[in-house]
> 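Here it is: the structure, laid out below.
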2 protein chains.
Amino acid sequence: MPRAGLDPAVVVSAAAGLADEVGLPNVTMGLLAERLGVRPPSLYKHVAGQADLVRRIAVLALTEVGDDLRDALQGRAGRDALEAAARTIRHYVLEHPGRYAATVRLEPQGPDDPMDAAGKRVLTSLAAVLEGYPVDPTDTIHALRLLRSLTHGFAVLEAAGGFQLDTDVDESFAWLVDFVDRGLRRTD
Amino acid sequence: MPRAGLDPAVVVSAAAGLADEVGLPNVTMGLLAERLGVRPPSLYKHVAGQADLVRRIAVLALTEVGDDLRDALQGRAGRDALEAAARTIRHYVLEHPGRYAATVRLEPQGPDDPMDAAGKRVLTSLAAVLEGYPVDPTDTIHALRLLRSLTHGFAVLEAAGGFQLDTDVDESFAWLVDFVDRGLRRTD
DNA sequence: AGCCCAAAGCTAACGACGTTAGCCAGTCGG
DNA sequence: CCGACTGGCTAACGTCGTTAGCTTTGGGCT
């Protein structure tokens, strides 16, 4: 029996790809094993179980989104940055629905949770977007929650097909960005 | 063997309660049967299976939210209505996380889908909120998507414990309502 | 070069769960 | 009072996640 040369990273990466293809709930240990040319029990040499697997996919997704955001925000500020950030997140969710679905779950558990770190990086990027607006420091946390709620809600609804098709979603997206931009620009 | 007096409504109601208690993913046919004093196969006399069950829970949830919204919006308009609607949805999700989780799933399927009807009632209420604002008719759809995305995203993040505890979530909620209210009031 | 043992794969098996088939009793209309 | 429909049951199967325990590989140390 030849070695397959697996390690946690390879397994998680394959699982993430599979999740995007068939949907997170359909990522079964058997299917993943088959994809990797291995028998299901062998996977347990690399991940602790299905829960652990999903958690690792979530970390991967948050890390990737964080990277994408960092790239997208380079040299941008204000409305430009807001639009870029929103577009980046929306694009990622549409492109990687399975990965993103893994992040919609679990409360942070341990104190030194690797998911926390990845999540914080995303938050940092969103906070950077707010730098370009006259937001009172005490309101920053609220504005951050606005951005998170809105991007998350929009992405989930679009990915789940929750919007009727009558009107273009792109148009709504642009409208929403504009709405937030205007609201954040006001100083009173 | 005495009759248990079940019917679809009783089964779905019990399942919804169970979902709120133990979380939707943990609503197993066995657990639900036990709760109803019955053996698992008996449930299939009333619902077609687990997928059907979740779908019916979703319809129940949308119907209840629709009712709550209708009540909450009685005699209110403008900012008052907006705040009432947002509070109603937020309250429902916190009170019935399992039921709400059932609605976060897939695209309407059949043409005469009972879920569509229930969903439309909710949308109608949200549209009524917008009546009190100077929103251009062509922008109504966008504003509706704003409300849906924001309420949904906020509710999910709060229910999932996605917000850090440093700052009060109630405060952020009030800030968000205010933000949307101001944005919708402007006419240009 | 050759040994050795940790790691990585395997088979077998178990328990939980959803679901189907088929049987039997309780109830209700005629 | 009878019969048939209905709602409950037991038995059984397939899938899935997971554990136990065996085998083999291959890298590192002598």
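Convention: sequence-line order gives letters A, B, ...; per-chain numbering from 1. All heavy atoms count here, side chains included; hydrogens, waters and symmetry mates do not.
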> Could you check whether the rings of H96(A) and Y92(A) sit parallel, tilted or perpendicular, using 30° and 60° as the cut-offs?
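H96(A) and Y92(A): tilted rings.
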> Is R87(B) positioned over the aromatic face of F173(B), cation under 6.0 angstrom from the ring centre and no more than 45 degrees off axis?
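Geometry flag: not set, cation outside 6.0 Å or 45°.
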> Side chains of D181(B) and Y133(B): donor-acceptor distance under 3.5 Å anywhere?
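On atom types as modelled, these side chains qualify, holding a pair under 3.5 Å.
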> Do V11(A) and L53(A) have side chains that approach each other closer than 4.5 Å (heavy atoms only, starting at C-beta)?
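The answer is yes, as the side chains (C-beta and beyond) meet within the 4.5 Å cut-off.
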> May I ask you to list the residues of residues 26-48 of chain A, by number, that have any heavy atom positioned under 4.0 Å from an atom of DNA chain D?
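When residues 26-48 of chain A is checked for heavy atoms under 4.0 Å from DNA chain D, the hits, listed by number, are T28(A), M29(A), G30(A), P41(A), Y44(A).
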> Less than 4.5 Å apart, side chain to side chain, heavy atoms only: is that true for R55(A) and D113(A)?
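Sidechains of D113(A) and R55(A): in contact.
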> Tell me, do V169(B) and F154(B) make a side-chain contact under 4.5 Å, heavy atoms counted?
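Side-chain contact under 4.5 Å: yes.
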> Over how many whole Å does the gap from D52(A) atom CG to dT19(D) atom P extend?
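About 12 Å, once rounded to whole Å.
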> Determine to 10° how strongly the helix from dA1(C)-dT30(D) to dG30(C)-dC1(D) is bent, judged from the axes of its five-pair ends.
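Overall, the helix from dA1(C)-dT30(D) to dG30(C)-dC1(D) bends by 10° from one end axis to the other.
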> Rounding to a whole Å, what distance do you find between Q50(B):CD and dC16(D):P?
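Value for this atom pair: 14 Å.
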> Quick one, H152(A) and V104(A) - any side-chain contact, counting heavy atoms below 4.5 Å?
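With C-beta onward as the side chain, the pair touches.
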> Spell out, as yes or no, whether a donor-acceptor pair under 3.5 Å connects the side chain of D178(B) to the backbone of A174(B).
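Answer holds: no.
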